[in-house]
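Read the numbers this way: they start at 1 and go in the same order the structure lists the ligands and their atoms.
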Amino acid sequence: PEPPAPSPAGRPGLRSHLGLPRCQMFEPVSCTYTYLLGDRESREAVLIDPVLETAPRDAQLVKELGLRLLYAVNTHCHADHVTGSGLLRSLLPGCQSVISRLSGAQADLHIEDGDSIRFGRFVSWVLGPQEEGDCTKQQGCCAKTLYHSVHEKIFTLPGDCLVYPAHDYRGFTVSTVEEERTLNPRLTLSCEEFVKLMDNLNLPKPQQIDFAVPANMRCGVQTPTS
Ligand SMILES: N[C@@H](CCC(=O)N[C@@H](CCS)C(=O)NCC(=O)O)C(=O)O
Ligand SMILES: [Fe+2]
């Protein structure tokens with residue numbers, strides 16, 4: 001039988017996306033965006049970068065849309081918020097936590113460069129030579145690797161491919177590969193200039209880093225099975 005149609009009540013943004021249920025959600029303290037992607041036919045879904053405080057909201061949305069969450073994926077071992085992936089495993093049985101093996105963090109599933117995550121008819125995830133996703137110097141990310149990874153993996157995608165941020169502190173919600181390739185003030189630099197700039201950002205320490213990183217090494221709130 002056909003699974004129940006998602007309830008559109010109060011969610012006009014989702015009603016227009018029933019072909020592929022997808023949703024960009026926001027956590028205002030860390031300015032983190034969490035993304036829900038789902039397959040309308042199989043009802044299988046993935047959640048990218050859930051935050052602990054908003055995990056109950058995300059779980060509720062998954063249920064309302066009649067989706068089955070297969071994976072709660074962390075793009076990296078975040079320093080600025082505690083992940084919601086551990087809590088989501090409890091709230092939505094069958095959901096597995098996922099992170100890059102190179103992060104060293106615990107998870108149900110570790111992924112590496114070239115691995116795919118499948119949900120319904122869709123396949124997602126591109127990883128660089130090291131951990132990619134949303135990554136900064138504050139977590140030991142190598143700027144040179146980041147530069148080459150973005151140029152060789154992201155910038156070889158079609159120009160009109162949409163690019164969604166992991167964070168945005170100025171209110172932007174989406175751009176395109178072409179826009180980033182031609183207008184991003186850092187990514188239009190040479191590799192040498194980019195590395196120099198990133199090595200001299202001197203960002204203040206993220207407020208949650210001292211408890212967020214140790215917690216995120218364990219999926220946020222609980223120890224997963226593997
Ligand atoms: N005030 C926030 C700052 C968190 C922070 O450092 N964010 C990074 C990205 C984290 S994945 C960032 O802002 N990078 C900016 C850049 O120019 O690269 C806090 O205390 O959490
Ligand atoms: Fe972050």
>> Looking only at side-chain N and O atoms, does T83 offer a donor or acceptor that is under 3.5 Å from a partner on N74?
In response: yes
>> Using a plain distance cutoff, I'd like to know if K205 has any nitrogen or oxygen under 3.5 Å from a nitrogen or oxygen of ligand 1.
In response: no
>> Quiz question: by atom type and distance under 3.5 Å, do the side chains of H110 and D115 form a donor-acceptor pair?
In response: no
>> Would H76 count as being in polar contact with ligand 1, using the rule that some N or O on each side must be under 3.5 angstrom apart?
In response: no
> Can you tell which of T32, N216, D49 makes a side chain to side chain donor-acceptor pair (under 3.5 Å) with H78?
Replying inline: D49
> In H167, what N, O or S atom is nearest to the Fe ion (ligand 2), if we give its atom name?
Replying inline: NE2
>> At less than 4.0 angstrom from any non-hydrogen atom of L201, what atoms of ligand 1 do you find?
In response: 18 (O)
> For D108 and S97, does a side-chain donor sit closer than 3.5 Å to a side-chain acceptor?
Replying inline: yes
>> Restricting to side-chain hydrogen bond (donor to acceptor under 3.5 Å, both in side chains), what partner residues turn up for Y33, sequence neighbours left out?
In response: none
> Is the closest heavy-atom distance from Q208 to ligand 1 below 4.0 Å?
Replying inline: no
> What part of L203, side chain, backbone, both or neither, has a heavy atom within less than 4.0 angstrom of ligand 1?
Replying inline: side chain
>> Within the 4.0 Å heavy-atom shell around Q207, which atoms of ligand 1 are there?
In response: 19 (C), 20 (O), 21 (O)
> Is there a side-chain hydrogen bond (donor to acceptor under 3.5 Å, both in side chains) between Q96 and Y71 once you walk through the steps?
Replying inline: CA-CA 5 Å; Q96 290 188 294; Y71 304 111; 4.5 Å; no
> What atoms of ligand 1 come within less than 4.0 Å of a heavy atom belonging to H167?
Replying inline: 10 (C), 11 (S)
> If you measure from atom 21 (O) of ligand 1 to every heavy atom of D80, D168, I209, T75, which option wins on shortest distance?
Replying inline: D80
> Strictly by modelled atom types, are E180 and S175 linked by a side-chain donor-acceptor pair under 3.5 Å?
Replying inline: yes
